[in-house]
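We count ligands from 1, going down the list as the structure has it; atoms in each ligand are counted the same way.
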Amino acid sequence: MNKIQGFYYVKVNEKIYECKLRGILKRKENKSNCVVGDIVEISKDNYIISIEKRKNFLERPLVANIDHLVIQFAGKDPSIDYERLNILLLRSFFYKIKPIVIVNKIDLLSNNEIKELQNNLKFLEKLGINYFLISQKENIGIENLKLFLKDKITAFAGPSGVGKSSIINLLQNEKKLETGETSKKLKKGKHTTKDTNLLELINGGYIADTPGFSSIELPNIRDTQELISLFPEFKNKGNCKFNDCLHINEPNCVIKNCVENGKIIKTRYEFYKKVYEKLKQERWNKYE
Ligand code: GDP
Ligand code: ZN
């Protein structure tokens, strides 16, 4: 959904309604009052009368309720940087956007290299993260991907040169949305957009162009407990000896035990320790 000269465009059942925001929602005049992706309720005279609680929110571009963050890499040229993949996963958990991983350019890989890649990506299955091996060039895996992104708001991240623009172009569509007349009764719909940062997909759904998300900066994690919460595989592993265990040097630590018996993947744990040290040195100490 988007705001153009005070109007908001709300899509309800494939039709767009040009709406205004009800006064009470404007009280705190703020550009994030009602943004693209918001689920809103509109009245019969085309006023937005309520906005549902957002599951997530980005400022650049201004968009809410993103369904997936696609983290895109290439199988080759350039090959996967696993540390960067882990940072992007951390960012997506931080922003509460469900990640999926795309590995493009698999046309450049031999069968053995594909097997090796699948082996290296096994840790994603343990995290419940879907991944797609595709080739934009050879049209491999594209239909599956399209089905997955259908009717969803998807943000894209990843290093340059992996084929993000190529995929986004392939998925995108020039199709114009039909303009609805005045709405006849109370309706619920998704605020839609004519913003260039939100691209419409051929089969329904949107891509949020989020170049800023590809950054390898660590997000603004407040403390160790928040950092731990961004590692889904650390959940439900039982209790450590200490309630506030950092899972670093403490005795009787269930997380360290899980790393030893293979329930938690070692490289992920090593990544956790590295981020912990970095945040402690560069950020947390400053506020103590
Ligand atoms: P971006 O920087 O991530 O947006 O990447 P681009 O879309 O600009 O693509 C970078 C390069 O990768 C271009 O030269 C593309 O032609 C090439 N490329 C994109 N997809 C594929 C693919 O599936 N296979 C191969 N071999 N090359 C690809
Ligand atoms: Zn522990």
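Annotation for P251 and K241: closest pair O-CB, 3.8 Å, computed over non-hydrogen atoms. In terms of heavy-atom proximity, Q136 sits nearest to L170 at CG-CD2, 4.3 Å. Here the closest heavy-atom approach between residue L127 and residue P232 is recorded as CD2-CG, 4.2 Å. I48 and C19 get closest at one heavy-atom pair: CG1-CB, 4.0 Å.
Ring geometry, H247 versus F234: the interplanar angle exceeds 60°, so the pair is classed perpendicular (tilted spans 30 to 60°).
For atom 8 (O) of ligand 1, the closest heavy atom belonging to the protein is S165 OG, 3.9 Å. Nearest to atom 7 (O) of ligand 1 among the protein's heavy atoms is S166 OG, 2.6 Å. Counting protein heavy atoms only, atom 12 (O) of ligand 1 is closest to K105 NZ, 3.0 Å. The protein heavy atom nearest to atom 5 (O) of ligand 1 is G163 N, 2.9 Å. Looking only at heavy atoms of the protein, atom 10 (C) of ligand 1 is closest to G161 O, 3.6 Å. Distance from atom 3 (O) of ligand 1 to its nearest protein heavy atom, with residue and atom name: K164 N, 2.8 Å. In terms of protein heavy-atom proximity, atom 26 (N) of ligand 1 is nearest to D107 OD2, 2.9 Å.
For R222, the salt bridge (charged side-chain N to carboxylate O under 4.0 Å, His left out) test picks out E226, with sequence neighbours left out.
Using a 4.5 Å heavy-atom cutoff, the side chains of I167 and I134 are in contact.
Identified under the ring-ring contact (aromatic ring centres under 6.0 Å, His included) test for residues 131-172, with sequence neighbours left out: H68-F148, F132-F148. Annotation: side-chain hydrogen bond (donor to acceptor under 3.5 Å, both in side chains) contacts involving residues 90-104, sequence neighbours excluded, are absent.
Contacts between N104 and ligand 1, counted as non-hydrogen atom pairs separated by less than 4.0 Å, involve the side chain only. At a heavy-atom distance under 4.0 Å, only side-chain atoms of L108, from C-beta outward, approach ligand 1.
Around the Zn ion (ligand 2), the protein contributes the following N, O or S atoms under 2.8 Å, ordered by chain and number: C240 SG, C245 SG, H247 ND1, C253 SG.
Under a 4.0 Å criterion applied to the non-hydrogen atoms of S160, ligand 1 contributes the atoms 2 (O).
Between the side chains of S110 and N112, no donor-acceptor pair is found at a separation under 3.5 Å.
In this structure, atom 14 (O) of ligand 1 has its sub-4.0 angstrom surroundings free of protein heavy atoms. By the definition of a contact as any protein heavy atom under 4.0 Å away, atom 21 (C) of ligand 1 is in contact.
Between K122 and E125 there is no salt bridge, since none of the side-chain N atoms of the basic residue sits less than 4.0 Å from a carboxylate O of the acidic one.
Considering backbone and side-chain atoms alike, I134 places every N or O at 3.5 Å or more from each N or O of ligand 1.
Linking ILVMFWY residues whenever their side-chain heavy atoms come closer than 4.5 Å, directly or via other members, places Y269 and L85 in the same cluster.
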